[in-house]
*Asks:* 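I'd like to ask some things about the structure below.
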Amino acid sequence: MYKQLQQRLSEHVRAFLRRQYALDLPNIVIEQPPRVELGEYALPLTFELAKKLRKAPRKIAEEIVAGLGPIDGFDKLEVAGAGYINARVDRAALARALAEGQGMAPESQPGKILVEHTSINPNKAAHIGHLRNAILGDTFVRLLRAAGNNVDIQNYIDNTGVQVADVVVGFTELEKKSKADVAALIAAPKPRFDYYCWDLYAQVSHWYEQDKKNLEARGRALHAIEQGGNELAEMAELISTSIIKLHLETMERLEIEYDFLPRESEILRLHFWEAAFQKLKDHGVLYYETQGKNAGCWVMRRAKAAAAGAEEVSEEDQKVIVRSNGTVGYVGKDIAYHLWKFGLLGRDFGYRRFHRYPNGHQCWVSSDYEHGEADHPHFGDVSAIYNVIDARQAEAQNTVVEALRGMGYNQQAGHYTHFSYEMVALTPRCAQELGYTLSEDEWGKSYIEVSGRRGFGVKADDLMDALIASVRKEVDSRHSELNGEERQAVARQIAMGALRYFMLKFTKNSVIAFDFKDALSFEGDTGPYAQYAVVRASNIFRKAGVEPEQVKAGDFGKFLEGEAGNEIWELWLTAAQTSQVIEQCIATTEPAYAAKHAFQLAQLFNNFYHRHRIIGEPDQDRQAFLFATAAVVRRELTRVLALMGISVPPVM
RNA sequence: GCGCCCUUAGCUCAGUUGGAUAGAGCGUCUGGCUACGAACCAGAAGGUCGGGAGUUCGAAUCUCUCAGGGCGCGCCA
């Protein structure tokens, strides 16, 4: 309703400007005054109008305020400063609406949105960079759903690429293992298979560096895997499938789930590329190069040359899509895959059940038609897509969009969003703690990039275990009344909340320089701080024997007036803005705003909690008001945290 | 060489379409537990928003330029 009030205000002002000055402003800027006692909304438009109307801003503001008349939901408008128009809402009415929970259910949006995230190569354990991807993606899904959207979650699996091939080479060439040996390793309880492959992958990379000839083994493995129907391909399948399962388990610890896992093997075997290739040729997006270094390749014009409309496309402006040996590169497969996403390919995957979550949710995997199950849901064919992929792949993403445009799919290209984010790196100190020897050069840097190839990084599960252990100590010292299992459950919730919050508090395009000290901090701007605020609110209701959901709205107007009222009103006002924040997060693809909002709300509540005793409050009306305040904040803060995938433990 | 991103307090970061006195957290110093448990609160110190120029009534935000840092630019994925 906070937003409805803003819209109403904006419409009244626009109508007045048309009436009075014959001006039609497309959008009226509305912001929040620096302090709540100045009002809820501020309009700086008179500064802009001063020139057009040849009047002083303050004069214009006075005319607008005088001429506007009463607006439903507002108490009054005031002129402030050099010419701001500040609007004061009817606090009692807004508080009542909020306490009654009006306008909580979102309008259902048409169409379907596809969010792709995680997409870890299935050849090693997940690391902290993958966690950032999955947490950003999962949070964005929750935000979209909260805004009434129908969302499919996909996790793309590159099970036929070099990374899997490298681990196959590690097993066959370095460890001389057979498929049966690998199967035994997977079945063994002791070394986690994804951890084992993490080390093996690093060893293989090192082995390639020792002698370039060793790379021939990779070529052979890659070829065998793409062909299929041989021991190497079966070993690759075994490796990737077991590692995908471990990745799903890792993400399940954070309550991150998927609907569908499209695999590259099916994109190859179901001939997605052939269908896309034909379309690309038909639309003239690809052409066959006969000269120069790209002779014999099918190439695409790159952005600059295409935009300039140059007749002669120089070699530098070409992007090779099909190599001279006839094989298709990564971008080609990606174009085919995205045609499928938008329902433009004319082909579909086969589908098999892959994993069933404890809550009954089913995750599907792509399959050939022969092994597909008939009763699968309809995937793909969506109206908008968001690909959560790190910033380094921006160029490849742009190429896919260009290809769509080139084929005339402008609408789809416009609904293709590269949800780009920066990497998680390690501080030099953290790298040293992990036993990595740093060069002098590296000590001078503010962060050091992780590298799966070198086996250098913090594994996702190791971090989660460290967080849980650290939280557990604290829970043990505070809650002797709980048994071990209960304490562990509380520790898990707090630890996962801390982790998710940590990954969300930074804006997407800032590089996170990871350090255990920061990540293991539970005070201040952290997940546990926000969780704790909710627990405190819950404690009040538990002690008082009152159900927070049963708290009734009353006439709170008199408690929201004056200086004392302003303080608490700021809390109500912030709580009222949750829906607005959700929209803002979606419009800017920036979940960090949700984290900021949660922190602000928690901070204001903690302050309120400290200043006002509720249970001992003698005035019945005032106590009802304080209960209502706590109930609304508790509800809204819980809701924002849920959007971030953070649940609140019963005690802290 | 071309393209994208970054530079704000000692450290880590916010600052949405240009708006009122540039904000948090951590760290430092000071103070506050009688259970609505302090994973908290209050207060203090700390800023030429990388440098310079421009546009504007108004610039951390837009433009140009310089400096510093990062990431991409393959018949890899």
Side-chain angles (χ1 to χ4, degrees), chain A residues 27 29-31 33-35 38 42-45 47-48 50-51 56-57 80-84 86 121 158 160-163 222 264 293-299 302-304 316 319-331 333-334 390-396 398 420 422-423 425 427 445-447 449 471 474-475 478 494 498 505-507 509-513 515 517-518 521-529 531-533 535-544 584-585 587-588 590 592-593 595-596 599-600 603 606-607 609-616 626 630 651-652:
Chain A
N27 66 323
V29 175
I30 298 186
E31 53 201 30
R35 293 179 309 279
L38 294 172
L43 296 90
L45 84 163
F47 302 109
E48 192 185 337
K51 205 167 230 178
Y84 287 94
N86 290 345
N121 274 304
D158 180 5
T160 56
V162 287
Q163 295 219 15
L222 207 48
E264 191 170 77
K293 66 170 176 135
N294 293 335
C297 299
W298 286 88
V299 299
R302 304 195 70 179
K304 275 178 84 176
E316 289 74 41
K319 174 78 196 166
V320 172
I321 303 296
V322 181
R323 303 177 189 116
S324 56
N325 66 5
T327 58
V328 59
Y330 160 78
V331 177
K333 284 178 262 188
D334 217 25
D390 79 79
R392 288 171 288 197
Q393 299 193 48
E395 188 130 328
N398 287 338
S420 164
E422 269 295 350
M423 61 183 170
T427 61
K445 299 193 172 192
S446 53
Y447 55 81
E449 196 174 345
V471 173
E474 199 65 34
V475 175
R478 288 165 193 251
I494 296 170
K505 73 190 246 191
F506 301 95
T507 50
N509 53 3
S510 97
V511 176
I512 298 181
D515 196 314
K517 185 176 132 290
D518 299 331
S521 150
F522 308 128
E523 288 166 14
D525 188 8
T526 66
Y529 177 90
Q531 289 171 316
Y532 187 55
V535 169
R536 286 179 130 184
S538 299
N539 286 348
I540 299 170
F541 291 105
R542 193 164 33 85
K543 281 275 163 92
Q584 185 191 0
C585 289
T588 56
E590 183 51 272
Y593 291 126
K596 204 86 210 158
F599 178 63
Q600 253 169 26
Q603 203 174 30
N606 275 332
N607 181 283
Y609 177 93
H610 188 252
R611 285 176 198 237
H612 307 280
R613 297 274 120 175
I614 299 181
I615 290 176
L626 295 175
V651 296
M652 276 183 82

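Excluded from the calculations below are hydrogen atoms, water molecules and symmetry mates; all remaining heavy atoms, backbone and side chain alike, are included. The chains referred to below are lettered A, B, ... by the order of the sequence lines, with proteins before strands, and numbering in each begins at 1.
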*Asks:* If I pick the P atom on B/U56 and the same atom on B/G50, what distance separates them, to the nearest angstrom?
*Replies:* 23 Å

*Asks:* Please write out the pairs of protein N or O atoms and N or O atoms of nucleotides 41-43 of chain B separated by less than 3.5 Å, giving the distance to one decimal.
*Replies:*
{"unit_1": "B/C41", "atom_1": "OP1", "unit_2": "A/Tyr529", "atom_2": "OH", "d": "2.3"}
{"unit_1": "B/C41", "atom_1": "O2'", "unit_2": "A/His610", "atom_2": "ND1", "d": "2.9"}
{"unit_1": "B/A42", "atom_1": "OP1", "unit_2": "A/Asn607", "atom_2": "ND2", "d": "2.7"}

*Asks:* In chain order, what residues pass the side-chain hydrogen bond (donor to acceptor under 3.5 Å, both in side chains) check against A/Glu48, with sequence neighbours excluded?
*Replies:* none

*Asks:* Over all strands shown, is A/Tyr593 touching base, sugar-phosphate only, or nothing at heavy-atom distances under 4.0 angstrom?
*Replies:* sugar-phosphate

*Asks:* According to the Watson-Crick and G-U wobble definitions, with both distances under 3.5 Å, which nucleotide is paired to B/U7?
*Replies:* B/A67

*Asks:* Does a side-chain N or O from A/Lys543 land closer than 4.0 Å to OP1 or OP2 of B/G37, or not?
*Replies:* yes

*Asks:* Taking side-chain hydrogen bond (donor to acceptor under 3.5 Å, both in side chains) as the definition, give me every residue that meets it alongside A/Asn325, ordered by chain and number, with sequence neighbours left out.
*Replies:* A/Thr327

*Asks:* May I have the distance from A/Phe506 (atom CZ) to B/U7 (atom P), rounded to whole angstrom?
*Replies:* 14 Å

*Asks:* Just checking, any donor-acceptor pair under 3.5 angstrom between side chains of A/Asn606 and A/Tyr529?
*Replies:* yes

*Asks:* Treat primed atoms plus P, OP1 and OP2 as sugar-phosphate and everything else as base, then score nucleotides 18-23 of chain B 5' to 3': B for base contact with protein heavy atoms under 4.0 Å, S for sugar-phosphate contact only, - for none.
*Replies:* -BBB--

*Asks:* Does B/G37 have its OP1 or OP2 closer than 4.0 Å to a side-chain nitrogen or oxygen of A/Tyr532?
*Replies:* no

*Asks:* I need the CD1-P distance between A/Ile512 and B/C6, as an integer number of Å.
*Replies:* 16 Å

*Asks:* Can you check the A/Phe522 CZ to B/G25 P distance for me, whole Å?
*Replies:* 19 Å

*Asks:* Indicate, with a heavy-atom threshold strictly under 4.0 Å, whether A/Glu523 touches base, sugar-phosphate, or nothing.
*Replies:* sugar-phosphate

*Asks:* Quick one, give me the B/S/- string for nucleotides 70-77 of chain B, reading 5' to 3', where B means a protein heavy atom under 4.0 Å from the base and S means that only happens at the primed atoms, P, OP1 or OP2.
*Replies:* SSSS-BSB

*Asks:* So which protein N/O to nucleotides 58-63 of chain B N/O distances come out below 3.5 Å?
*Replies:*
none

*Asks:* Look at A/Ser521 and B/A39 and indicate whether a side-chain polar atom (N or O) is within less than 4.0 Å of OP1 or OP2.
*Replies:* no

*Asks:* Are A/Lys319 and A/Glu395 ion-paired here, with the side-chain N under 4.0 Å from a carboxylate O?
*Replies:* no

